[in-house]
Amino acid sequence: MGNRTLAILKPDCVRKNLQGKVIAKIQDAGFKIIAMKQMRLTKAQAEGFYAVHHARPFFKDLTEFMSSGPCVPIVLEKTNAVAEFRKTIGATDPKEADPGTVRREFADSKGENIVHGSDSDDNAALEIAFFFHQGELIANQ
Ligand code: GDP
């Protein structure tokens with residue numbers, strides 16, 4: 001059970017100017033911010049990040065969306081971070097997400113669903129390394 005996960009505030013979150021509200025909800029759920037930046041993924045970087053989904057019918061839409069504007073990758077720390085964060089954001093489709101979750105509260109659709117969260121400890125480690133150097137991860141006492 002790892003204590004870190006990677007979140008991304010997706011381009012819809014930034015376009016809607018909801019970064020502060022979403023980060024407040026994440027902090028209220030007990031997560032500490034270890035690293036954070038704003039950047040814009042190229043299409044090729046989005047394809048690399050979502051390589052596991054390359055055969056899925058939504059791959060083109062997903063990678064176009066994720067490279068359509070700035071996003072905010074964030075490294076979060078909490079005990080059992082991966083599972084806890086997925087509970088905080090809710091199901092992929094906001095219509096199926098529990099009340100009070102980030103996606104239920106802020107997302108418009110299954111594709112444009114405000115936030116990414118890693119789905120396993122192994123993927124969390126890979127995804128954190130995709131965006132951040134070791135020296136950019138600052139433990140929060
Ligand atoms: P997650 O782990 O909850 O983010 O969901 P998945 O790993 O299944 O999918 C990754 C991302 O692909 C989701 O967060 C959505 O942004 C996108 N996605 C998943 N299913 C669909 C779909 O049916 N249509 C579109 N356009 N995007 C989808």
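All ligand and atom numbering here is 1-based and tracks the order in the structure.
- Here the options are L76, L126, V75, the test is side-chain contact (heavy atoms from CB on, under 4.5 Å), and the partner is L6; only V75 passes.
- In this structure, D12 and F65 have side chains that are in contact, with non-hydrogen atoms separated by less than 4.5 Å.
- Listed by chain and number, K10, H53, F58, L62, R86, T92, R103, K110, G111, N113 each place a non-hydrogen atom less than 4.0 angstrom from ligand 1.
- The ring-ring contact (aromatic ring centres under 6.0 Å, His included) test applied to F58 returns H53, not counting sequence neighbours.
- Every ring-ring contact (aromatic ring centres under 6.0 Å, His included) that F49 has, sequence neighbours left out, goes to H116, F130, F131.
- Residues passing the salt bridge (charged side-chain N to carboxylate O under 4.0 Å, His left out) test with K110, sequence neighbours excluded: none.
- Under 3.5 Å, the side chains of N113 and K10 contain a donor-acceptor pair of N or O atoms.
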